[in-house]
Amino acid sequence: MEFGYITLIHSWDDVIETRASFDDIDERTIKIFLRKAEEAGRLPDIEGLSIPELLEKLRLAKNGQLKRAAVVLFGKDPGTFYPNTFVKIGKFEDDDFTIRFQELEEGNIIQILDKVLRTLDHKFLIRNISFEGMNRIETLEYPVVALREILLNSLIHRNYMGAPTQIRVYDNKMSVWNHGTLPEGITLDKLTQPHSSFPRNPILAEACFRGGFIDSWGSGVMKIIDSCKSARLPTPSLEEDGGGLKVTLFKDRFSEEELRKLGLSDRQINAVSFIKEKGYITTLEYMKRYDISERTARNDLNNLIDNKILLREGETNTARYIFTSQG
């Protein structure tokens, strides 16, 4: 709306939702939020405030009326007001079309965060088992930090008038697609570096920052990348797709998709698959398998060593090539 030279712009989440009342707010979710906020220590003085007063303090309400941000963050049933607030989760075959099974999670942002992480844990993802001494250690195949950060970013920064958030789980990767293009001036490359934060839903983002759910410095993608690196997983990919942003996590750093990114030949990729089955390969095996000279075989294998895929074990004449410990 313009008055002379003054332009008043409201983000989607800053608009008053006239259809909603404070009866539509879930008090249990408010309590969860306040516990989390107390741990973060980012809330202003709220002692003794009623729920309407608290939401006013958080800029989630104005003059006794709820904003859209309050409905999607604390509402009993946000889907009543905005039909596509749910999250779809599907387990897919590698052909990208055949679906094995699927789930749908609904609720406000805080509820969905918990529900989706639980559903992924219990129904879609595998727990890796290891031992430290006598202690049994179970970890998800993808870092919980990465999963939580991706989901939070998708719920907070999505276009709530668009399509629902969609999670696709495959045997060797998983992707999260969220409706909404990148803000002007922000590129995919900038997301992986320190950058200013330009949230699509600033009122919602500020409340989630106050509650300790996110940071306010645009570090979400960097956290995702760092957590995957610490877990010795491939670097996640980011791409703009179908009017939205897709983040993909990879389970196997030696998958064909990852190996092709390194510029490896079909012969080298095939050799990696062979080593996955047998555990190692020798220079002689490599020469015979691909009918090539010793010089070519050594060049191929040395290139795989340079790419930190293989390491040489033993003396030159009897050496075996095995995966690095990071594999």
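Using a 4.5 Å heavy-atom cutoff, the side chains of V169 and L120 are in contact. Counting heavy atoms from C-beta on, the side chains of F124 and I167 never come closer than 4.5 Å. Proximity of D121 to L140: side-chain heavy atoms (C-beta onward) are separated by under 4.5 Å at one or more points. Residues L259 and K261 have side chains not in contact (no heavy-atom distance under 4.5 Å, counting atoms from C-beta outward). Between F323 and I309, the closest side-chain pair of non-hydrogen atoms falls below 4.5 Å. Counting only heavy atoms from C-beta outward, the side chains of R312 and N302 approach each other to under 4.5 Å. The shortest distance between side-chain heavy atoms of S237 and V247 does not fall below 4.5 Å. Looking at heavy atoms from C-beta onward, N108 lies out of side-chain contact with L73 at the 4.5 angstrom threshold.
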Distance-only donor-acceptor hits, side chain of residues 65-72, under 3.5 Å, sequence neighbours excluded:
unit_1, atom_1, unit_2, atom_2, d
K67, NZ, D14, OD1, 2.6
K67, NZ, R59, O, 3.2
R68, NH1, W12, O, 3.4

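Minimum heavy-atom separation, I112 to G107: CD1-O, 3.3 Å. Across all their heavy atoms, S227 and P143 have their closest contact at O-CG, 3.5 Å. Nearest heavy atom pair, residue L113 against residue L152, reads CD2-CD2, 3.9 Å. The minimum heavy-atom distance linking C228 with L249 is given by the pair SG-CD2, 3.8 Å. Among all heavy-atom pairs drawn from G90 and I99, the shortest one is CA-CD1, 4.1 Å. Contact between W177 and G244 at its shortest, heavy atoms only, is NE1-CA, 3.7 Å.
By the 4.0 Å N-to-carboxylate-O rule, R200 lies too far from D13 to be salt-bridged with it. A salt bridge does not link K57 to E53: none of the charged side-chain nitrogens sits closer than 4.0 Å to a carboxylate oxygen. A salt bridge is defined here as a Lys NZ or Arg NE, NH1 or NH2 lying under 4.0 Å from an Asp or Glu carboxylate O, and R100 with D171 meets this definition. Classification of K223 and D215 as a salt-bridged pair holds, one side-chain N sitting under 4.0 Å from a carboxylate O. Salt-bridge check for D291 with R267: failed, with every basic side-chain N at 4.0 Å or more from each acidic carboxylate O.
Side chain of E141 to main chain of I126: a donor-acceptor pair is present (N/O by atom type, distance under 3.5 Å, no hydrogens or angles). For the pair K251 (side chain) and L233 (backbone), a donor-acceptor distance under 3.5 Å is absent. In this structure, S219 contributes its side chain and M222 its backbone to no donor-acceptor pair below 3.5 Å. The backbone N or O of V15 lies less than 3.5 Å from no partner atom in the side chain of K62, so there is not a single donor-acceptor pair. Although no hydrogens or angles enter the test, the distance criterion places a donor-acceptor pair under 3.5 Å between the side chain of E17 and the main chain of R19. Of the possible polar contacts, one joining the D26 side chain to the T29 backbone as a donor-acceptor pair under 3.5 Å is found. R210 contributes no side-chain N or O that, together with a main-chain N or O of L43, makes up a donor-acceptor pair within less than 3.5 Å. A side-chain donor-acceptor contact under 3.5 Å links E56 to the backbone of N63. Of the possible donor and acceptor atoms, one in the side chain of R158 sits under 3.5 Å from a partner among the backbone N and O of A163. Judged by distance alone, the side chain of N153 and the main-chain N or O of E149 form a donor-acceptor pair under 3.5 Å.
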List the steps, then state whether side-chain contact (heavy atoms from CB on, under 4.5 Å) holds for E240 with L182.
CA-CA 8 Å; E240 293 183 276; L182 292 173; 4.0 Å; yes
Determine whether E39 and R35 satisfy the following criterion, salt bridge (Lys or Arg N to Asp or Glu O under 4.0 Å), listing intermediate values before the conclusion.
CA-CA 7 Å; E39 294 174 6; R35 284 200 301 270; over 6 Å; no
May I have the step-by-step check of side-chain contact (heavy atoms from CB on, under 4.5 Å) for I305 and L311, ending in yes or no?
CA-CA 6 Å; I305 292 174; L311 58 83; 5.6 Å; no
Working note: D77 + D24, criterion side-chain contact (heavy atoms from CB on, under 4.5 Å); need CA distance, chi angles, decisive distance, verdict.
CA-CA 7 Å; D77 185 11; D24 293 304; over 6 Å; no
So T98 and F92, side-chain contact (heavy atoms from CB on, under 4.5 Å) or not? Walk me through it.
CA-CA 6 Å; T98 307; F92 287 83; over 6 Å; no
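If you check the side chains of T119 and E105, you find a donor sitting under 3.5 Å from an acceptor. A side-chain donor-acceptor contact under 3.5 Å links D300 and Y286. For the residue pair S273 and N270, no side-chain donor N or O sits within less than 3.5 Å of a side-chain acceptor on the partner. Side-chain atoms of S255 and N172 form no donor-acceptor pair, as typed in the model, at a separation below 3.5 Å. For the residue pair S293 / T296, a side-chain donor-acceptor distance below 3.5 Å is found, with atom types taken as modelled. Defined by atom type and a distance below 3.5 Å, a donor-acceptor pair is missing between the side-chain atoms of N201 and Y160.
Heavy-atom neighbours of K278 NZ from other residues, nucleotides or ligands within 6.0 Å: above the threshold of 12. The neighbour count for K276 NZ, taken as heavy atoms of other residues, nucleotides or ligands under 6.0 Å away, is above 12. Enclosure of atom CZ in R28 is not indicated, since only 12 or fewer non-hydrogen atoms of other residues, nucleotides or ligands lie within 6.0 angstrom. Within 6.0 Å of CD in E93 there are more than 12 heavy atoms belonging to other residues, nucleotides or ligands.
Rounded to the nearest 0.5 angstrom, F101 CZ and K123 NZ are separated by 8.5 Å. In this structure, R289 CZ and L284 CG are separated by 13.5 Å, a value rounded to the nearest 0.5 Å. Here N299 contributes atom CG and Q268 contributes atom CD; the two are 9.5 Å apart, rounded to the nearest 0.5 Å. Atom-to-atom distance recorded for E256:CD and L264:CG is 10.5 Å, nearest 0.5 angstrom. To the nearest 0.5 angstrom, I281 atom CD1 is 8.5 Å from T283 atom OG1. Atom CG of L155 and atom CG of N178 lie 7.5 Å apart (nearest 0.5 Å).
Ring to ring, F209 and F213 are not that close: their centroids are 6.0 angstrom or more apart. Taking the centre of each ring, Y321 and Y280 stay at or above the 6.0 Å mark.
Using a 4.5 Å cut-off between side-chain heavy atoms of Ile, Leu, Val, Met, Phe, Trp and Tyr, with links allowed through other members, M161 and I203 fall into the same hydrophobic cluster.
Both tests do not hold together for K36 against F33: distance to the six-membered ring centre under 6.0 Å, angle to the ring axis within 45°.
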